[in-house]
Structures are given as structure tokens and as C-alpha cells.
Amino acid sequence: ARENKIPFFGICLGMQMACVEFARNVLDYPEATSTEFDKDTKYPIISLMEEQEGIEDMGGTMRLGSYPCILKEGSIVAKVYGQTEISERHRHRYEFNNLYRDVCNDNGLKLSGKSPDGNLVEIVELSEEYHPFFIGVQFHPEFKSRPNRVAPLFREFIKKAKEYN
């Protein structure tokens, strides 16, 4: 999808795997992965949330519920939502590894949505100059989407997919 400019919308694990693919093929880190799959990876682009480290009984410990997200002004997602602060629902315990922020951003993977404190990456995207629609989100917009009030990212993804077709 990235290389062939096919519209892409990755949700949660989809966003994480988009980051892994980017790290492997753009950053040339062929062993990049998530610590969910290989805890000893040389390039942990996705890793367990810091507060999850050392927890042995994982039941009920994931990041769950609604969280605010600050969108980068001028980003695709800010245009799609029509605002720079949103609230979306989560269900996960793995996050984008902040050690890779600068190298990803410098090579074209824009970190366009973050937690209010700036610590957690919520959204990644490729600029429209490189790709018509390539967005990955850590949250689950389907939890708030309704047939008569579709989530903005689904609406835009479907629009871009129709244009691509």
C-alpha cells in the first residue's frame, strides 16, 4: 500500500505494522518489529508501554477507554476531523517507541497525533505529497462510528479508496 500509493488506514495493530514496515523498508532496519512478537528485537519500533513492564498477570491492564489526542495543525488528520483536539477510544498495551520519533519523522512518517502530554504517538501519516492517503491510528474509531454518523477517518478512507479505484 505504501509503495504503490494504495489508500491505507491502519487501526491499532494495523498502525503498528505500518510503522514496522516503514522501519524495515524505509529506515533499513530489517529486523524491526514489535516486542509483542520478539521481545529481544534489535529495533523495537513498537514496544510495551512503560507502565506495563514487569506485570505478569496481564488481565485488565491494557490502555482502555477514551483518551484525548492533539492533532498536528495542517496534518491530514486535522483536516479530516476539522479540529486539532479529538477524543477516541483505545484497547491496547503496546505503543510506538519514542526512541524512533526523530528518525521516522525525518524520513517521512509524520507523527501527526499525540497524547496531550506529547508522550504517546496516537497517529502516523505520510504527507499527501508522497501518498494520497496513508494513516495509522493507535485508537479504535470504529467504537464511536455509527451508520448515521460515520467516523471521519472511515469517511475519508472510503472516499480516497473510491478515487483510487
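For clarity, every value in this text was computed on a predicted model and none was experimentally measured.
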Engineer: What are the two closest heavy atoms between S115 and D117, and how far apart are they?
Structural biologist: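 Heavy-atom minimum between the residues: OG-OD1, 2.6 Å.
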Engineer: A quick test of your reading: do over 12 heavy atoms of other residues, nucleotides or ligands sit less than 6.0 Å from CG of N165?
Structural biologist: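 Count not over threshold, so no.
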Engineer: Mind checking whether I86 and I70 sit in one hydrophobic cluster, side chains of I, L, V, M, F, W, Y counted as touching below 4.5 Å?
Structural biologist: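 No, I86 does not connect to I70 through the hydrophobic network.
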Engineer: Looking only at side-chain N and O atoms, does Y81 offer a donor or acceptor that is under 3.5 Å from a partner on E88?
Structural biologist: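 Yes, because at least one side-chain N or O of E88 sits under 3.5 Å from a partner of the opposite role on Y81.
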Engineer: For the residue pair K5 and P132, what are the closest heavy atoms and their distance?
Structural biologist: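 Heavy atoms of K5 and P132 come nearest at O-CG, 3.4 Å.
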Engineer: With a 4.5 Å cut-off on side-chain heavy-atom distances among I, L, V, M, F, W and Y, is there a chain of contacts connecting V103 to Y130?
Structural biologist: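 In one cluster: no.
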Engineer: Quick one: do L48 and L99 end up in the same hydrophobic cluster if we chain Ile, Leu, Val, Met, Phe, Trp and Tyr together by side-chain heavy atoms under 4.5 Å apart?
Structural biologist: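 Yes, because L48 and L99 connect within a single hydrophobic cluster, where side-chain heavy atoms sit under 4.5 Å apart.
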Engineer: So do F139 and L153 actually touch side chain to side chain, heavy atoms under 4.5 Å?
Structural biologist: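 Counting from C-beta outward, L153 and F139 do come under 4.5 Å.
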Engineer: Determine which pairs satisfy salt bridge (Lys or Arg N to Asp or Glu O under 4.0 Å) with at least one residue from residues 19-35, sequence neighbours left out, and list them in order.
Structural biologist: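 Sorted pair list: R2-E21.
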Engineer: Salt bridge between E125 and K72, side-chain N to carboxylate O under 4.0 Å?
Structural biologist: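 No salt bridge links E125 with K72.
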Engineer: Can you name the nearest heavy-atom pair linking S112 to V124, along with the distance?
Structural biologist: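 Closest pair (atom of S112, atom of V124, distance): OG-C, 4.3 Å.
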Engineer: Quick check against the 3.5 Å criterion: does N97 have a side-chain atom that pairs as donor or acceptor with the backbone of P44?
Structural biologist: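 Confirmed, N97 side chain pairs with P44 backbone.
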Engineer: To the nearest 0.5 Å, tell me how far L109 CG sits from F96 CZ.
Structural biologist: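 Those atoms lie 6.5 Å apart.
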Engineer: Please report the shortest heavy-atom distance between L27 and C104, naming the atom on each side.
Structural biologist: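 For L27 and C104, the tightest heavy-atom pair comes out as CD1-SG, 3.9 Å.
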Engineer: Hey, could you give me the CD1/OH distance between I6 and Y164, rounded to the nearest 0.5 Å?
Structural biologist: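 I6 atom CD1 to Y164 atom OH measures 4.0 Å (nearest 0.5 Å).
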Engineer: With side-chain contact (heavy atoms from CB on, under 4.5 Å) as the test, would you mind laying out the steps for Q138 and L120 before giving the verdict?
Structural biologist: CA-CA 10 Å; Q138 186 61 76; L120 301 174; over 6 Å; no
Engineer: Rounded to the nearest 0.5 Å, how far apart are NZ of K160 and CZ of F9?
Structural biologist: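 Nearest 0.5 Å value for the NZ-CZ distance: 14.5 Å.
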Engineer: Is any side-chain heavy atom of I123 closer than 4.5 Å to a side-chain heavy atom of S75?
Structural biologist: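 Heavy-atom side-chain distance check fails, nothing below 4.5 Å.
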Engineer: Do the side chain of K110 and the main chain of N105 share a donor and acceptor less than 3.5 angstrom apart?
Structural biologist: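 At least one qualifying donor-acceptor pair exists.
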Engineer: Looking only at atom types and distance, does a side-chain atom of Q16 sit under 3.5 Å from a main-chain N or O of S34, one as donor and one as acceptor?
Structural biologist: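 Checked: no pair found.
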Engineer: In the single-linkage hydrophobic clustering (I, L, V, M, F, W, Y; side-chain heavy atoms under 4.5 Å), do V80 and V150 co-cluster?
Structural biologist: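 V80 and V150: one cluster.
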Engineer: The test is side-chain contact (heavy atoms from CB on, under 4.5 Å); show your working for C19 and I46 and say whether it passes.
Structural biologist: CA-CA 8 Å; C19 294; I46 304 296; 4.2 Å; yes
Engineer: Count the heavy atoms belonging to other residues, nucleotides or ligands that lie under 6.0 Å from NZ of K39, then report whether that count exceeds 12.
Structural biologist: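 Not more than 12 within 6.0 Å, no.
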Engineer: Taking side chain as C-beta onward, heavy atoms only, is F8 less than 4.5 Å from I135?
Structural biologist: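 A side-chain contact under 4.5 Å is absent here.
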Engineer: To check you understand the geometry: which heavy-atom pair defines the closest contact between T33 and D38, and what is its length?
Structural biologist: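 Answer, listing the atom of T33 first, then D38: CG2-CB, 3.8 Å.
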Engineer: Enter the distance from H140:NE2 to S66:OG here, rounded to the nearest 0.5 Å.
Structural biologist: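 Spacing of NE2 (H140) from OG (S66) equals 13.0 Å.
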Engineer: Using 30° and 60° as the class boundaries, would you call the ring planes of H131 and F134 parallel, tilted or perpendicular?
Structural biologist: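 Because their plane-to-plane angle is over 60°, the rings of H131 and F134 count as perpendicular.
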Engineer: Would one find more than 12 heavy atoms of other residues, nucleotides or ligands at under 6.0 Å from atom CD of E73?
Structural biologist: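 Atom CD in E73 is not packed in, count stays at 12 or less.
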Engineer: Please, which pairs that meet ring-ring contact (aromatic ring centres under 6.0 Å, His included) have at least one residue in residues 11-39, sequence neighbours excluded?
Structural biologist: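 Sorted result for residues 11-39: Y29-Y43.
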Engineer: Please test M15 against V121 for side-chain contact (heavy atoms from CB on, under 4.5 Å), starting from the C-alpha separation and ending with a verdict.
Structural biologist: CA-CA 11 Å; M15 174 256 194; V121 174; 4.1 Å; yes
Engineer: How long is the gap from CG on N107 to CG on D102, to the nearest 0.5 Å?
Structural biologist: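 So the gap between those two atoms works out to 10.5 Å.
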Engineer: Check L71 against V77 and note the closest heavy-atom contact, atom names and distance.
Structural biologist: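 Where L71 meets V77 most closely, the heavy atoms are CD1-O, 3.8 Å.
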